[in-house]
Asks: 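Pasting a structure below so you can have a look.
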Amino acid sequence: MSNQNKEKNESDVTEELTRVNDNIWDIPTSHAYGMNVPGRLFLSEKLMGTIDKETVNQVANVAMLPGILDYSMAMPDVHLGYGFTIGGVAAFDEEEGVISPGGVGFDINCGVRLMKTNLLKEDATPHMKILTENLFKKIPSGVGSKGEFKVTDTELTEAFLHGSQWAVEAGYGIESDTKNCESYGFMEGGNPDTVGTKARKRGRPQFGTLGSGNHFLEIQYVDKIYDPVAAAAYGLEEGQVTVMIHCGSRGAGHQICTDHLQTLNQAVKKYKINVPDMQLACAPAKSKEAQDYFDAMKCGANYAWANRQIIMHWTREVFEQFYGKDTDALGMELLYDVAHNVAKYETHEVDGKKQDVYVHRKGATRAFPAGHPEVPQQYRDVGQPVLIPGSMGTPSFVLKGGPNSMSLSFGSACHGAGRLMGRGKAKGSMNGEAIQEELARQGITVRAEKASVIAEEAPSVYKNSDDVVDVVDSLGIAQKVARLIPIGVIKG
DNA sequence: ATGTGC
């Protein structure tokens, strides 16, 4: 696209928006016929240049769904997605509203966990080649990857029901792991009967695999502390080595989404719901169709939590073997684990009244503030850890749920840098090997299944994560605690 | 994101 065209597009975007303040832009209901509420974009002026008309229209489309509350919202990492944007937050009334798989995404409970160690940067950097190689061998990655690790059908059912609680009980972890996890590692009420045989068949051999695309396992170090009090509560210090795991529910979640989209396509007709785009297929929240999807989604979410738990367990084994010390001696404790593709039934204040709503977070992270009862006890005084992975080779951030998240965004923040360029285009225009060499010069060892993944995930095809994080920080939605710099990356 | 596209 020429610069001139780009500028034209940008001005076209803001023309139809109402600026509320430095970081909030509203899409008035006059933008399109049928909007029940306005849209709301959390974007700085700089990031406004990263979005296009189509993205604004997707946010507006979601505002047309029945029973949507307050605003159809978009976080600063927003970009085009299936029906709903990635970076979208939408809450629905349980009586008037709907549940939609498009508002969750295909990769149910794609998410991030952060494991601490008591190693220092200097303990790890000289060994990055061998550590990344060992991790790469231990943790299967890539599209369609399967491991030697096998679960039985009964174990799969247990995982669908109990997530990482099951994984820890089965021996893949320690007790504190589930304590330091969003929803304590599982969503209550998953119903394996709503998960089809195909999803089971795809999910079984993929347990304990990383996947591909933007999923990664990364060895990092803390290079900056912004908030010493919160950092102390989280157990983070400058120079400390951490391990971040970013992955989801693999083929299982994907198939659950695909299967239920079919049912919900029918439901749109059955319940005569006016949807501007069939990718927004949904059903009334209390209908059997919606609840069946929701119960299957919980199984997908639980699968993902168990998956990240198992991968962390193997990471510990690799570190234990390499350093000749056990998990306890190496301080390999889970800091936290967040879902960033999920719908949750939560209590929020709407128009001054408390009510139970279905919050859809698609490419958005829960960010509950200090004092919220769902923040684990040990973090309750500072707020929930909000983990924001960078794109490959760029910094990740630890934030804390901010004081304004409940009033501004149904307790939600951004989830990452956000793509600027589509996968296909990136694959065509980027050179994976060259990027790998450049990252090596920056002191980052990347071990990947194939070079094309590195091209797809090149840092330059993403927004700048600092810019994204600064918006939620300025708004008091989630506030910066620490910055993490990668030194070793495993990619599918 | 994905047993990777019409």
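Numbers restart at 1 for each chain; the letters A, B, ... are given by sequence-line order, proteins then strands. Basis for what follows: all heavy atoms, side chains included, without hydrogens, waters or symmetry-related copies.
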Asks: Return each pair, listed once, that meets side chain to side chain donor-acceptor pair (under 3.5 Å) where at least one residue sits in residues 97-113 of chain A; pairs must be two or more places apart or across chains.
Replies: A:Asp107-A:His215, A:Asp107-A:Ser249, A:Asn109-A:Arg308, A:Arg113-A:Gln309, A:Arg113-A:Asp337

Asks: So, for A:Thr157 and A:Pro192, which heavy atoms are closest and what is the spacing to 0.1 Å?
Replies: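 Looking at all heavy atoms of both residues, the shortest contact is CG2-CG, 3.8 Å.
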
Asks: For a quick check of understanding: with a heavy-atom distance under 4.0 Å over all strands, which category does A:Gly213 fall into, base, sugar-phosphate or nothing?
Replies: sugar-phosphate

Asks: Could you tell me how far apart A:Glu456 (CD) and B:dT2 (C1') are, to the nearest whole angstrom?
Replies: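 Atom CD in A:Glu456 sits about 11 Å away from atom C1' in B:dT2.
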
Asks: Whole-Å distance between B:dT2 P and A:Ile256 CD1?
Replies: 14 Å

Asks: Let me know the distance between NZ of A:Lys201 and P of B:dT2, rounded to the nearest Å.
Replies: 19 Å

Asks: Please name the pair of heavy atoms, one in A:Leu161 and one in A:Phe186, separated by the smallest distance, quoted to 0.1 Å.
Replies: O-CD1, 3.4 Å

Asks: Can you tell me the distance, in whole Å, between the CD atom of A:Glu457 and the P atom of B:dT4?
Replies: 18 Å

Asks: Nearest-Å distance, CG (A:Asn109) to C1' (B:dT2)?
Replies: 16 Å

Asks: Under 4.0 Å, counting only non-hydrogen atoms across every strand here, what does A:Lys198 touch: a base, just sugar-phosphate, or nothing?
Replies: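 Touches a base.
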
Asks: Using a heavy-atom cut-off of under 4.0 Å over every strand shown, decide if A:Gln206 touches base, sugar-phosphate, or nothing.
Replies: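 It contacts sugar-phosphate atoms only.
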
Asks: Rounded to whole Å, how long is the line connecting atom NZ of A:Lys491 with atom P of B:dT4?
Replies: 19 Å

Asks: Could I get the full list of ring pair (Phe, Tyr, Trp, His ring centres under 6.0 Å) partners for A:His340, not counting sequence neighbours?
Replies: A:His246, A:His415

Asks: May I have the distance from A:His215 (atom NE2) to B:dT4 (atom P), rounded to whole angstrom?
Replies: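 Atom NE2 in A:His215 sits about 17 Å away from atom P in B:dT4.
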
Asks: Answer with base, sugar-phosphate or nothing: what part of the nucleic acid does A:Ser212 contact at a heavy-atom distance below 4.0 Å?
Replies: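 It contacts sugar-phosphate atoms only.
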
Asks: Measure the distance from CZ on A:Arg250 to P on B:dT2 and round it to the nearest whole Å.
Replies: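 For the pair A:Arg250 CZ and B:dT2 P, the rounded distance is 5 Å.
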
